[in-house]
Amino acid sequence: MSAPERPAEEEAPIEERIYVVPLRRAWAAPRKKRVPRAVRLIKEFARRHMKAEEVKISPELNEYLWSRGIEKPPRRMKVRMEKYEDGLVKVHLAEEEG
């Protein structure tokens, strides 16, 4: 009996980094557009630092951004970025150690 092959979707990332993403520019937006702007800022940060074409945000990260409503996103966030062979970058909430 051989081990079953893992689906291509569950491939291991080729690079993984932890970043603290500043979101202060989201607070310059009108109140009702702050969290959508914060999402765009995180994606832009990932494109710049991970040199990626496509960026996906995890549902956990998205829920954390929206947890205080549309008007009050966090000022900064600690995130874990994983880059895959096809150029895709997935952004996750970094687990707090300590």
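Values below: every heavy atom of this structure, side chains too, minus hydrogens, waters and symmetry copies. All figures in this text were calculated on a predicted structure; none of them were measured in a lab.
- Taking each heavy atom of G69 and V35 in turn, the nearest pair found is O-CG2, 3.3 Å.
- Taking NE2 from H92 and CD1 from I57, the interatomic distance works out to 11.0 Å, rounded to the nearest 0.5 Å.
- Between K90 and M81, the closest side-chain pair of non-hydrogen atoms is not below 4.5 Å.
- At least one side-chain heavy atom of V20 sits less than 4.5 Å from a side-chain heavy atom of R76.
- Nearest heavy-atom pair, A28 versus R37, reported as atom, atom and distance to 0.1 Å: C-NH1, 4.5 Å.
- Atom-to-atom distance recorded for N62:CG and I42:CD1 is 9.0 Å, nearest 0.5 angstrom.
- Annotation: the span from I14 atom CD1 to E85 atom CD amounts to 5.5 Å, rounded to 0.5 Å.
- Side-chain contact check for P74 versus L65: some heavy-atom pair is nearer than 4.5 Å.
- Distance check: E82 CD to E11 CD gives 11.0 Å after rounding to the nearest 0.5 Å.
- Once rounded to the nearest 0.5 Å, the distance linking NZ of K72 with OG of S67 reads 11.5 Å.
- Remark: side-chain polar atoms of K51 are not paired, donor with acceptor, to backbone N or O of A46 under 3.5 angstrom.
- The side chain to side chain donor-acceptor pair (under 3.5 Å) search around R17 returns E15, Y19, not counting sequence neighbours.
- A donor-acceptor pair is defined here as one N or O able to donate and one able to accept, closer than 3.5 Å; such a pair exists between the side chain of W27 and the backbone of P73.
- Cluster membership for L88 and V55, using ILVMFWY side-chain heavy atoms within less than 4.5 angstrom, is not shared.
- Of the possible polar contacts, one joining the K83 side chain to the M50 backbone as a donor-acceptor pair under 3.5 Å is found.
- The side-chain heavy atoms of I70 and P36, taken from C-beta on, include a pair separated by under 4.5 Å.
- In terms of hydrophobic clustering, with Ile, Leu, Val, Met, Phe, Trp and Tyr side chains grouped at heavy-atom distances under 4.5 Å, F45 and Y84 are assigned to different clusters.
- Salt bridge status for E44 with R40: absent, with no side-chain N to carboxylate O gap under 4.0 Å.
- Within 6.0 Å of the CZ atom in R24, the count of heavy atoms belonging to other residues, nucleotides or ligands does not exceed 12.
- A heavy-atom distance below 4.5 Å is found between the side chains of L41 and R25.
- Looking only at distances, a side-chain donor or acceptor of R34 sits under 3.5 Å from a matching main-chain atom of E71.
- Between E53 and R47 there is no salt bridge, since no side-chain N of the basic residue sits under 4.0 Å from a carboxylate O of the acidic one.
- When the side chains of ILVMFWY residues are joined at heavy-atom separations under 4.5 Å, either directly or via intervening members, I18 and M77 end up in two distinct hydrophobic clusters.
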